[in-house]
Amino acid sequence: MASAATNLSSRSSTAAVPAAAASRRRQMRTAASGAAGNGANGSDAAQQAPRRRSLATLLVHSEGLVNDEFAASMPPIYQTATFQQPGAIDMGEYDYSRSGNPTRTVLEKQLAILEGAERAFAFSSGMAALAAVTRLLKAGDHVVAGDDLYGGTSRLLSRVVPSAGIEVSNVDASDVEAVRAAIRPGQTALVMLESPTNPRMQICDIKAICQLAHEVGALVCVDNSILTCLYQPALDLGADIAMTSATKFIGGHSDVTAGVLAVRDKQLADRIYFVQNAEGTALGPFDCWLLIRGLKTMSLRMERQAANARCIAEWLAAHPMVHRVNYPGLASHPGKDVHDAQASSPGSIISFVTNNSDLSRIIVEETELFKITVSFGNVLSLISMPCFMSHASIPAEVRAARGLPDDLVRISVGIEDVEDLISDLDQAFQKAAAAGHGPAAAAAGAAGAVQA
Ligand SMILES: Cc1ncc(COP(=O)(O)O)c(C=O)c1O
Ligand SMILES: N[C@@H](CCSC[C@H](N)C(=O)O)C(=O)O
């Protein structure tokens, strides 16, 4: 053991400097070769067409810090608020972590590459990112927003934004004509969408809505938290701002709250940076580091989660106690064609209704592997009743008017063995049946019930 340790240390002491220098040269070369990367090298480069690397590769490889003295494989966590300046009137690259931090720079550069963006920004939460978007508005502006949005977004738009003199109209954004009718030329400055929506998994035609919004000069912000840029290229579809709650799939382990905004327009990027710095909503260095780590396994996690979700959605759809399943991977989903045209996977979030809140509650409380928590995208499977949890901040009468029923159950499918997950759901449904909510009772309850 002692000799192995000696070997290791002598290797690093004699070889570290040239290896680090070579690695640094490689890092600089890769960084200089452009955001999209290029499979060719040397003299062949001039002849070969550049090959854009796939997101699965770009997720794993971050550029790191190009001038890192030790060529660390993972970027150091610059856990510092301040940076010494070269002089009183010379600020240097960084002065204060609210304004910029090298660990955050690594994350934001990688996010920009993944999103196909000019620039990406990491915020302290998804809500901080969304709030920054609303800071781009001014008094007198009008916002068109979907009517099936995450509860916190609804709260921001209904209880914070109007106090700045901004009017918000909520419409069924899965209906392009409803969006067209709600847009006010000369006044609508922002269209805020989710697709799929949280929690009813409705699908909005992002391209068509962007076209409508752009005709009147409005910006479109797509909250891409359920699919992320891995499965839905929001900017390519025409969105001006791609927003993601990184708390979900990017982090992947429910151990960090964070949000991302990605944009192509440089002036818009400058405005967002100004707001982020002015309001102090940037993500801290350790949380940035957690996200850099999360990105590396994101495609594997999401792939497994989506494969599991497909099986579970089909199982739920065939269950006699389930009245309706909302999952864009099912042929029965009304938005499936639009979804398939704009996204490469249905993802791993499913919601369903039983038409009986008591029955739904038993299912949620009796599952064992599915943990009762808000949020989604964790490697663990999660289960919730949105009306009482993530969407409880929307007043009951507004939820009812929007067709968000109390008995709605949302599940976020994890990476466990899918047979174990189905068997867990099965035993929970059996307990509900034993409590008097069997298929016959569920069918009777269905008569006259509100559909999700
Ligand atoms: C679709 C969606 N957007 C935004 C958010 C806000 O993100 P965060 O919790 O990271 O603030 C959430 C969840 O909270 C969400 O589900
Ligand atoms: N108490 C929180 C609720 C967070 S919900 C998190 C997530 N977006 C989800 O949909 O589950 C709040 O009031 O914001």
*Does a side chain donor of either H323 or T354 reach within less than 3.5 Å of an acceptor in the other side chain?*
no
When L190, T134, V161 are each screened for side-chain contact (heavy atoms from CB on, under 4.5 Å) with I166, the one that passes is V161
Can any side-chain N or O of K138 pair as donor or acceptor with the backbone N or O of R135 at less than 3.5 Å?
no
Q. Below 4.0 angstrom, N of the basic side chain to O of the carboxylate: do R264 and E115 qualify?
A. no
query: Counting only heavy atoms not in D337, do more than 12 fall under 6.0 Å of its CG?
result: no
Does atom CZ of F274 have more than 12 heavy-atom neighbours from other groups under 6.0 Å away? no
Derivation and outcome, side chain to side chain contact (heavy atoms under 4.5 Å, CB included), residues H437 and N356:
CA-CA 9 Å; H437 296 293; N356 181 327; 3.4 Å; yes
Can T197 and D148 be counted as having a side-chain donor-acceptor contact under 3.5 angstrom? yes
Counting neighbours of CZ on R402 that are heavy atoms of other residues, nucleotides or ligands and sit closer than 6.0 Å, is the number greater than 12? yes
Using a strict 4.0 Å threshold on nitrogen-to-oxygen distance, state whether E366 and K431 make a salt bridge. yes
Give the intermediate values and the outcome of side chain to side chain contact (heavy atoms under 4.5 Å, CB included) for residues Y327 and F352. CA-CA 9 Å; Y327 181 65; F352 63 93; over 6 Å; no
Note to self: We want to know whether R410 and N198 form a side-chain donor-acceptor pair, criterion being a heavy-atom distance below 3.5 angstrom.
What the structure shows: yes
Does a donor on one side chain sit under 3.5 Å from an acceptor on the other, for S195 and Q232?
no
When you look at W315 and F429, which way does the ring-ring contact (aromatic ring centres under 6.0 Å, His included) test go after all the steps? CA-CA 12 Å; W315 184 85; F429 274 91; 5.7 Å; yes
Give a yes-or-no answer on whether the side chains of D240 and H214 include a donor-acceptor pair shorter than 3.5 Å.
-> yes
- Task: Taking atom types as modelled, find out whether S351 and N326 have a side-chain donor-acceptor pair closer than 3.5 angstrom.
- Result: yes
Exercise. Please step through side chain to side chain contact (heavy atoms under 4.5 Å, CB included) for the pair Y78 and S97, ending with a clear verdict.
Key: CA-CA 9 Å; Y78 279 87; S97 280; over 6 Å; no
Indicate yes or no for a side-chain donor-acceptor contact from Q187 to the backbone of V143 under 3.5 Å, with no hydrogens or angles considered.
no
| message | Check the orientation of Y150 and H391. Use parallel for under 30°, tilted for 30 to 60°, and perpendicular for over 60°. | response | perpendicular
### Neighbour count >12 (heavy atoms, 6.0 Å) for atom NZ, K207
no
message = What I want to check is whether the side chains of S254 and N378 have a donor and an acceptor closer together than 3.5 Å.
response = yes
_Under a plain distance cut-off of 3.5 Å, with no hydrogens placed, do R301 and T297 share a side-chain donor-acceptor pair?_
yes
Notebook entry, point to check: If you measure from the Lys or Arg side-chain nitrogens to the Asp or Glu carboxylate oxygens, is any gap between E365 and R361 under 4.0 Å?
Noted result: yes
request  = Using only heavy-atom distances, determine whether the side chains of S99 and N277 contain a donor-acceptor pair under 3.5 Å.
outcome  = yes
Per side-chain contact (heavy atoms from CB on, under 4.5 Å), I383 is matched among V413, L369, V409 by V409
Give a yes or no on whether the backbone of V364 and the side-chain of T367 come within a donor-acceptor separation of less than 3.5 Å. yes
- Message: Distance alone, cut at 3.5 Å: any donor-acceptor contact between the side chains of N308 and R310?
- Response: no
